[in-house]
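Below is one structure, written out as structure tokens; the observations come after it.
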There are 2 protein chains.
Amino acid sequence: MKSTRIPRATIQRLAAYVQILETLSQEGEKVISSEGLARACGVNPSQIRKDLAYFGEFGVRGVGYYVQDLLTAIKQSLGIDRIWNVALVGVGNLGRALLRHKILRKRGFMVVGAFDCDPFKIGEEIAGLEVYSSKRLQELAQELNVEIGVITTPPKRAQRAANYLVEAGVKGIVNFAPVRIDVPENVAVEYVDFIHHLFSVAFNISLNLSKGLF
Amino acid sequence: MKSTRIPRATIQRLAAYVQILETLSQEGEKVISSEGLARACGVNPSQIRKDLAYFGEFGVRGVGYYVQDLLTAIKQSLGIDRIWNVALVGVGNLGRALLRHKILRKRGFMVVGAFDCDPFKIGEEIAGLEVYSSKRLQELAQELNVEIGVITTPPKRAQRAANYLVEAGVKGIVNFAPVRIDVPENVAVEYVDFIHHLFSVAFNISLNLSKGLF
DNA sequence: TTCTGTGAAAAACTTCACAGCG
DNA sequence: CGCTGTGAAGTTTTTCACAGAA
């Protein structure tokens with residue numbers, strides 16, 4: 001394992017590799033070359049070899065990578081070779097969808113607590129989980145051994161949700177609310193905002209159109 | 001307007017600037033400096049000036065940027081100064097959440113058609129929109145003047161959904177399914193996969209933990 | 001004076017090209 | 001022989017630093 005700082009982009013790509021390798025594994029493929037993997041995820045083959053080299057030597061020269069071994073190695077490198085307990089704050093449309101979506105659990109992220117500040121929602125049961133008052137976050141998160149918080153509140157309540165989560169001792173937050181949040185620097189934050197992707201598509205369409213016209 | 005190729009990262013950041021500027025605008029702020037904006041979205045001030053310079057000169061030296069003017073200018077540059085018609089394919093948990101979420105519409109993306117291949121879902125009404133058979137995509141998308149497709153199907157059906165959308169003449173696709181899709185190169189594609197962000201947070205937590213231990 | 005716009009420098013990231021191992 | 005692992009080259013993106021306009 002190298003000690004160089006690992007590019008953020010590499011982490012993003014590793015996540016993509018995991019997805020492709022899991023599909024390959026399900027399809028019964030045993031071996032994949034960097035070129036095959038590259039084609040499957042639209043990047044350069046040496047990019048893949050470089051990305052993997054940050055964490056170790058997982059391939060066999062002249063052969064390629066054993067799908068199952070590589071999958072295990074990447075998951076271990078990313079720290080996703082185990083289950084992470086997650087608390088979800090904000091039970092709106094998006095929050096509900098995430099709670100019902102099996103993908104979180106399938107990927108090793110188990111939502112062990114759902115929280116909201118709306119009295120009408122507190123006590124409701126969604127996907128087998130009771131909705132608790134956000135004020136009980138600190139108390140319950142410790143009890144439930146929560147490590148990651150997911151914020152799906154409206155933008156105005158995101159900072160408060162973040163505060164509760166930090167107080168409750170979570171070490172990472174995935175924020176779906178379209179606002180920046182302030183947290184201590186030892187808390188890892190990721191922002192998810194699909195509107196950005198729609199903007200990006202809109203921009204590219206406009207660009208293509210103008211290329212066609214002139 | 002410069003003719004250099006605009007970095008993808010710039011487009012992503014412009015989308016973030018839009019969000020912040022809209023908040024500022026609502027709060028009645030008239031002027032913002034590149035430094036203020038930089039602080040609000042966690043980037044370097046000259047990054048912001050560079051990003052904006054790709055599209056023109058929007059600032060006033062010694063003053064900063066007029067919030068409203070800058071907002072208008074960025075929206076125009078991104079091609080989001082108008083309404084885009086969107087077709088959504090795949091009415092599962094995520095699809096439903098997007099249909100009900102007001103944010104799409106608020107940002108200028110109007111879902112004008114919802115499609116699914118499950119006979120049980122066809123005919124259902126969600127957020128005032130009838131669910132149609134995916135097979136009718138081509139016919140209806142043209143009628144409804146759809147320009148962007150959003151795929152929220154399970155991974156296995158994503159490629160078929162993409163094919164339908166391309167046949168229907170959409171020029172851009174936002175794919176929420178965790179698989180790569182093949183489309184003609186004049187169709188802009190963006191992938192949305194929040195699991196990547198959870199992976200990223202998990203990795204960073206693991207990293208912080210190991211830093212703390214050694 | 002303040003704060004933008006921008007060349008030039010620095011850093012980060014990607015691709016190349018090939019040595020080296022199975 | 002084929003494909004990985006990797007230094008070196010190349011490219012892109014970010015940051016610096018300062019000239020110049022309001």
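Only heavy atoms go into these numbers, but all of them, side chains included; no hydrogens, no water, no symmetry mates. In what follows, chains carry the letters A, B, and so on, assigned in the order in which the sequence lines appear, proteins first and then strands, with residues in each chain numbered from 1.
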Donor-acceptor under 3.5 Å (A:Tyr17 side chain, A:Cys41 main chain): no
Look at [X] and [N] and indicate whether a side-chain polar atom (N or O) is within less than 4.0 Å of OP1 or OP2.
X       : N      : answer
A:Tyr54 : C:dT14 : no
B:Arg13 : D:dT14 : yes
B:Ser34 : C:dT4  : yes
A:Arg5  : C:dA12 : no

Rounded to whole Å, how long is the line connecting atom [atom1] of [X] with atom [atom2] of [N]?
X       : N      : atom1 : atom2 : value
A:Leu70 : D:dC3  : CG    : P     : 16 Å
B:Lys50 : C:dA12 : NZ    : P     : 17 Å
A:Arg49 : C:dC21 : CZ    : P     : 16 Å
A:Leu52 : C:dC13 : CG    : C1'   : 16 Å
A:Phe58 : D:dT6  : CZ    : P     : 11 Å
B:Arg8  : C:dT14 : CZ    : C1'   : 15 Å
A:Glu35 : D:dG5  : CD    : P     : 15 Å
B:Glu57 : C:dG5  : CD    : C1'   : 6 Å

Taking the side chain of [X] as its heavy atoms from C-beta onward, which of [options] lies nearest to it?
X       : options                : answer
A:Gln47 : D:dT6, C:dT14, D:dT4   : C:dT14
A:Arg61 : D:dA22, C:dG22, D:dT13 : C:dG22
B:Ser33 : C:dT14, C:dC3, D:dT6   : C:dC3
A:Ser46 : D:dT6, C:dT14, D:dG5   : D:dT6

Identified side chain to side chain contact (heavy atoms under 4.5 Å, CB included) counterpart of A:Ile74 within the set A:Asp81, A:Ile80, A:Leu52: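 In the set A:Asp81, A:Ile80, A:Leu52, the residue that makes a side chain to side chain contact (heavy atoms under 4.5 Å, CB included) with A:Ile74 is A:Leu52.
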Donor-acceptor pair between A:Asn163 and A:Gln159 side chains, under 3.5 angstrom: yes
B:Glu190 and A:Asn204 side chains, donor-acceptor separation under 3.5 Å: no
Residue pair A:Arg49 / A:Tyr65, side-chain heavy-atom distance below 4.5 Å: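 Yes, close enough: below the 4.5 Å cut-off.
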